[in-house]
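One structure is given below, encoded as structure tokens.
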Amino acid sequence: MIQIRRKPVSTERVRVVSDPAYLVNQIGIGDGLKARLGYYLPDRTAITVIGGGTRKQLRVRTIRAGFNELFNYEIRLNPQNFRLFGLGRQSGVYFVSYNQISRILRFGGRTVLRRRVASRKKKK
């Protein structure tokens, strides 16, 4: 017997960008990221966003992929909301989780992208 269940909470590492083009009541979510998080609601649907001890209702706008991209995998916020959710002042990569049942998008901690350092051997 095969049992298929819905996974209500999805978590991803996401690049979050501060963008003044977005209004204070909007959040931009990339079209590729929406599918990964299980978000299939139409544009301008209100979701709850939690981060930095703050909870706020924002309307979703889809970010379409650019000319050289197949999908877009980032989140864009108004600079005021960017600071409000405790994301600092600069863009970065954060853990983001989305609950499909309660429609809550939650910002977790900032992730550190580690670069691989090649060790150089000294020739004698």
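Summarising the geometry of I63 relative to E74, their closest heavy-atom pair is CD1-O, 3.7 Å, with the distance given to 0.1 Å. Taking all atoms of both residues into account, the shortest heavy-atom contact from Q26 to N81 is O-ND2, 4.3 Å. In this structure, R103 and A46 approach most closely via the heavy-atom pair CD-O, 4.3 Å.
In the hydrophobic clustering (ILVMFWY side chains linked at under 4.5 Å, chained through shared members), V17 stands by itself. With side-chain heavy atoms closer than 4.5 Å counting as contact, directly or through intermediates, the hydrophobic cluster containing I50 also holds I104.
Atoms CZ and CG, on F71 and D31 in that order, are 6.5 Å from each other to the nearest 0.5 Å. Taking OH of Y94 as the reference point, atom CZ of R13 lies at 13.0 Å (rounded to 0.5 Å).
Using a 4.5 Å heavy-atom threshold, the side chains of L33 and V96 count as separate.
Applying the side chain to side chain contact (heavy atoms under 4.5 Å, CB included) test to A35 and every residue at least two apart in sequence or in another chain returns Y40. Judged as a salt bridge (Lys or Arg N to Asp or Glu O under 4.0 Å), and not counting sequence neighbours, R55 has no contacts. Applying the side-chain hydrogen bond (donor to acceptor under 3.5 Å, both in side chains) criterion to Q57, with sequence neighbours excluded, gives T48. Take D19 and apply the side-chain hydrogen bond (donor to acceptor under 3.5 Å, both in side chains) test, not counting sequence neighbours, and it matches R76.
Panel note: side chain N78, backbone Y22; a donor-acceptor pair is recorded below 3.5 Å.
Between Y98 and Y39, the ring-plane angle classifies as perpendicular under the 30° and 60° cut-offs.
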Run the numbers on R89 and S18 for side-chain contact (heavy atoms from CB on, under 4.5 Å), then give the verdict. CA-CA 8 Å; R89 294 187 180 274; S18 175; over 6 Å; no
Before giving the answer on side-chain contact (heavy atoms from CB on, under 4.5 Å), spell out for R36 and V14 the whole-Å C-alpha distance, their side-chain angles and the decisive distance to 0.1 Å. CA-CA 11 Å; R36 282 187 176 180; V14 178; over 6 Å; no
